[in-house]
Colleague: 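Got a structure here, written out as structure tokens. Questions coming.
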Amino acid sequence: MTVANMYKEKGSNPYRPWPARITSIIDLTENERLFELRIIDESVREGFQFESGPFVELSIFGVGEAPISISSAPSKQGFIELCVRNAGDVTGALHGKKCGDIVGVRGPFGRGFPFQEMKGHDVLLVAGGLGIAPLKSLINHIHDDRHDFGNVSILYGARDPSEILFRYQFDMWKHRDDFDLILTVDEADETWGDEVGRVTALFDMIDIDPDNTYGAICGPPVMYRFVIDEMRKKEMDVDKIYMSFERRMKCGIGKCGHCGVGHQYACIDGPVFNYWEAMNLQEAI
Ligand SMILES: Cc1cc2nc3c(=O)[nH]c(=O)nc-3n(C[C@H](O)[C@H](O)[C@H](O)COP(=O)(O)OP(=O)(O)OC[C@H]3O[C@@H](n4cnc5c(N)ncnc54)[C@H](O)[C@@H]3O)c2cc1C
Ligand code: FES
């Protein structure tokens with residue numbers, strides 16, 4: 001039984017966090033860490049199924065909850081990876097935890113990227129800053145089924161080299177010929193050998209087959225309009241451009257009304273929307 005079905009079962013409380021053990025912590029930057037969690041209850045763990053893009057409500061007992069995207073691919077069975085910036089109460093308390101400590105997890109919640117629909121096509125992924133967190137799940141998912149996709153291009157920008165996340169993996173991937181990976185920073189230092197400038201400037205460096213390409217975008221809100229403009233200049237279809245929206249969330253299950261985007265709720269109708277849907281939602285971008 002999936003976790004979603006467990007929630008639907010009479011008597012199952014969707015606000016109840018599942019206890020999960022921290023099994024690994026990797027420092028990615030000064031402010032971001034990658035936490036690997038293992039849900040303790042075996043049946044919940046087995047039912048924890050998702051496509052790339054959903055989030056969990058992560059709880060630190062006695063502190064509170066925060067929505068965090070799942071960074072690992074669905075194929076990483078039994079474990080969930082969360083890439084978390086130390087930004088406030090909950091994330092700060094998580095950063096104070098160590099391996100073996102117990103946290104709470106509700107979810108997976110929300111609609112992810114249309115992975116099955118993307119199969120057979122080229123994919124262009126564009127990330128800015130922490131936006132790489134949910135896209136990392138999609139990138140790894142595509143990697144698992146690489147033969148089902150055409151060209152895969154990844155454009156990733158950060159403010160400076162110290163803020164590039166997953167650098168250990170991307171340094172290896174730059175040498176692969178089945179992914180086109182281009183990294184850029186706004187401000188370089190002497191260690192930097194990649195591009196300098198905004199992520200949108202990288203569009204001049206790639207060829208896109210507009211009829212055959214899906215776009216996936218995640219980053220700071222200001223980035224979306226400019227990236228979409230570049231995708232539209234390349235004549236990509238509005239209904240093949242997908243983006244993940246972050247809104248203030250509380251319940252994660254469409255009850256509290258905190259995450260309204262136009263007439264929809266980002267927690268259940270998103271957080272991933274396509275551009276066609278977003279254009280029809282007030283204040284979406
Ligand atoms: C769908 C979704 C996915 C997300 N995925 C990720 C992810 O993968 N990784 C990640 O790190 N984050 C992610 N976030 C963002 C994360 O949920 C927020 O940063 C969250 O607020 C952190 O909770 P917190 O309790 O640690 O921070 P909070 O204590 O809520 O603080 C967050 C920010 O708000 C400010 N703030 C808090 N209280 C006040 C106040 N009273 N007045 C003014 N400012 C205030 C803080 O200074 C801080 O800048 C995601 C959010 C959404 C909606
Ligand atoms: S977070 Fe409560 S309705 Fe979306």
Side-chain angles (χ1 to χ4, degrees), residues 7 13-15 17 22 25-37 50-73 76 80-97 103-113 125 127-140 156 158-159 163-166 216-221 223-224 242-273 278 281 283-285:
Y7 284 137
N13 180 353
Y15 294 102
I22 300 175
I25 303 174
I26 299 174
D27 284 340
L28 297 176
T29 68
E30 209 173 300
N31 274 326
E32 280 102 4
R33 287 187 181 153
L34 187 69
F35 294 86
E36 183 192 67
L37 308 182
F50 63 96
E51 289 284 12
S52 299
F55 64 98
V56 293
E57 285 287 348
L58 172 89
S59 50
I60 304 294
F61 305 117
V63 181
E65 279 191 319
I68 303 290
S69 306
I70 302 170
S71 280
S72 46
K76 188 162 181 175
I80 317 161
E81 284 176 4
L82 307 178
C83 168
V84 183
R85 173 173 295 168
N86 183 348
D89 294 344
V90 174
T91 51
L94 178 68
H95 274 243
K97 297 282 176 197
V103 296
V105 167
R106 291 194 294 122
F109 295 134
R111 186 176 63 147
F113 293 97
L125 302 106
L130 190 56
I132 196 69
L135 288 192
K136 170 77 165 27
S137 170
L138 182 59
I139 293 168
N140 285 3
Y156 173 33
R159 271 197 297 235
E163 294 194 4
I164 292 278
L165 296 161
F166 306 108
I217 312 171
C218 194
M223 191 188 93
Y224 285 69
Y242 282 81
M243 61 203 89
S244 182
F245 287 131
E246 284 195 11
R247 285 290 182 274
R248 289 237 166 239
M249 291 187 188
K250 286 282 176 201
C251 68
I253 52 173
K255 301 286 185 205
C256 72
H258 268 79
C259 66
V261 204
H263 55 281
Q264 301 203 317
Y265 290 136
C267 66
I268 49 175
D269 302 308
V272 175
F273 294 90
L281 293 173
E283 300 169 28
I285 44 177

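Residue numbers count from 1 along this sequence. Here the structure is a predicted model, which is why all the values come from computation and not from measurement. Counting starts at 1 for both ligands and their atoms, following the listed order.
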Colleague: Nearest non-hydrogen contact with atom 25 (O) of ligand 1 belongs to which option: I132, V90, V272, L58?
Modeller: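 It is V90 whose heavy atom sits nearest to atom 25 (O) of ligand 1.
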
Colleague: Can you list the atoms of ligand 1 that are under 4.0 Å from a heavy atom of R85?
Modeller: 10 (C), 11 (O)

Colleague: Looking at F166, does the NZ or CZ of K136 lie under 6.0 angstrom from its six-membered ring centre and within 45 degrees of the ring axis?
Modeller: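 That pair qualifies as a cation-pi contact.
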
Colleague: Nearest protein heavy-atom contact for atom 1 (C) of ligand 1: which residue, which atom, what distance?
Modeller: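 The protein heavy atom lying closest is M249 CE, 3.8 Å.
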
Colleague: Determine whether F55 and R106 make a side-chain contact, defined as any pair of heavy atoms from C-beta on separated by less than 4.5 Å.
Modeller: no

Colleague: Please state which option from A87, S137, C267 has its nearest heavy atom closest to atom 33 (C) of ligand 1.
Modeller: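 Looking at heavy atoms only, the winner is A87.
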
Colleague: Give a rough value, rounded to 10 degrees, for the angle at atom 2 (Fe) of ligand 2 between atoms SG of C256 and SG of C251.
Modeller: 100°

Colleague: Nearest to atom 50 (C) of ligand 1, what protein heavy atom do you find, and at what distance?
Modeller: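 Going atom by atom, the protein heavy atom closest to atom 50 (C) of ligand 1 ends up being P67 O, 3.2 Å.
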
Colleague: Heavy-atom distance from atom 53 (C) of ligand 1 to the protein below 4.0 Å?
Modeller: yes

Colleague: Measure the acute angle between the ring planes of F245 and F273, then classify it against the limits of 30° and 60° as parallel, tilted or perpendicular.
Modeller: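 Taking F273 first and then F245, their aromatic rings sit tilted (interplane angle of 30° to 60°).
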
Colleague: Please list, in number order, the atoms of ligand 1 under 4.0 Å from a heavy atom of A66.
Modeller: 22 (C), 23 (O)

Colleague: Heavy-atom distance from atom 43 (C) of ligand 1 to the protein below 4.0 Å?
Modeller: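 Given the 4.0 Å limit, the answer for atom 43 (C) of ligand 1 is no, no protein heavy atom qualifies.
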
Colleague: Please determine which of T91, I22, L34, V56 meets the side chain to side chain contact (heavy atoms under 4.5 Å, CB included) test together with L82.
Modeller: V56

Colleague: Please confirm whether E65 comes within less than 3.5 Å of ligand 1 when only nitrogen or oxygen atoms on both sides are compared.
Modeller: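 No - when backbone and side-chain N and O of E65 are compared with those of ligand 1, no distance drops under 3.5 Å.
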
Colleague: Looking only at distance, does C83 have an N or O less than 3.5 Å from an N or O of ligand 1?
Modeller: yes

Colleague: Closer than 4.0 Å to some heavy atom of G88 - which atoms of ligand 1 meet that?
Modeller: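 Listed by number with element: 24 (P), 26 (O), 27 (O), 28 (P), 29 (O), 31 (O).
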
Colleague: Looking at atom 18 (C) of ligand 1, tell me if a protein heavy atom falls under 4.0 Å from it.
Modeller: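 Within 4.0 Å: no protein heavy atom nearby.
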
Colleague: May I ask whether atom 48 (C) of ligand 1 is less than 4.0 Å from at least one protein heavy atom?
Modeller: yes

Colleague: Got F50 and S137 here, is their nearest side-chain heavy-atom distance under 4.5 Å?
Modeller: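 Counting from C-beta outward, F50 and S137 do come under 4.5 Å.
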
Colleague: Any protein heavy atom under 4.0 Å from atom 13 (C) of ligand 1?
Modeller: yes

Colleague: For ligand 1, is G64 a contact, meaning one of its heavy atoms is under 4.0 Å away?
Modeller: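 So G64 does not count as touching ligand 1.
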
Colleague: Could an N or O of ligand 1 be found under 3.5 Å from any N or O of A133, whether backbone or side chain?
Modeller: no

Colleague: Numbering the atoms of ligand 1 from 1, which are under 4.0 Å from a heavy atom of L130?
Modeller: 9 (N), 10 (C), 11 (O), 12 (N)

Colleague: Would you say atom 6 (C) of ligand 1 has a protein heavy atom nearer than 4.0 Å?
Modeller: yes

Colleague: Where atom 4 (Fe) of ligand 2 is the centre, what is the SG-to-SG angle for C267 and C259, rounded to 10°?
Modeller: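 If I round to 10°, I get 100°.
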
Colleague: Taking Y224 for its side chain and S244 for its backbone only, find out whether a donor-acceptor pair lies under 3.5 Å.
Modeller: yes

Colleague: Do L130 and C83 have side chains that approach each other closer than 4.5 Å (heavy atoms only, starting at C-beta)?
Modeller: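 Result yes, sub-4.5 Å side-chain heavy-atom pair found.
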
Colleague: Backbone or side chain, does any N or O of I68 fall under 3.5 Å from an N or O of ligand 1?
Modeller: no

Colleague: Does atom 39 (C) of ligand 1 have a protein non-hydrogen atom under 4.0 Å from it?
Modeller: no

Colleague: Hey, is V63 touching ligand 1 through its side chain, its backbone, both or neither, going by heavy atoms under 4.0 Å?
Modeller: neither

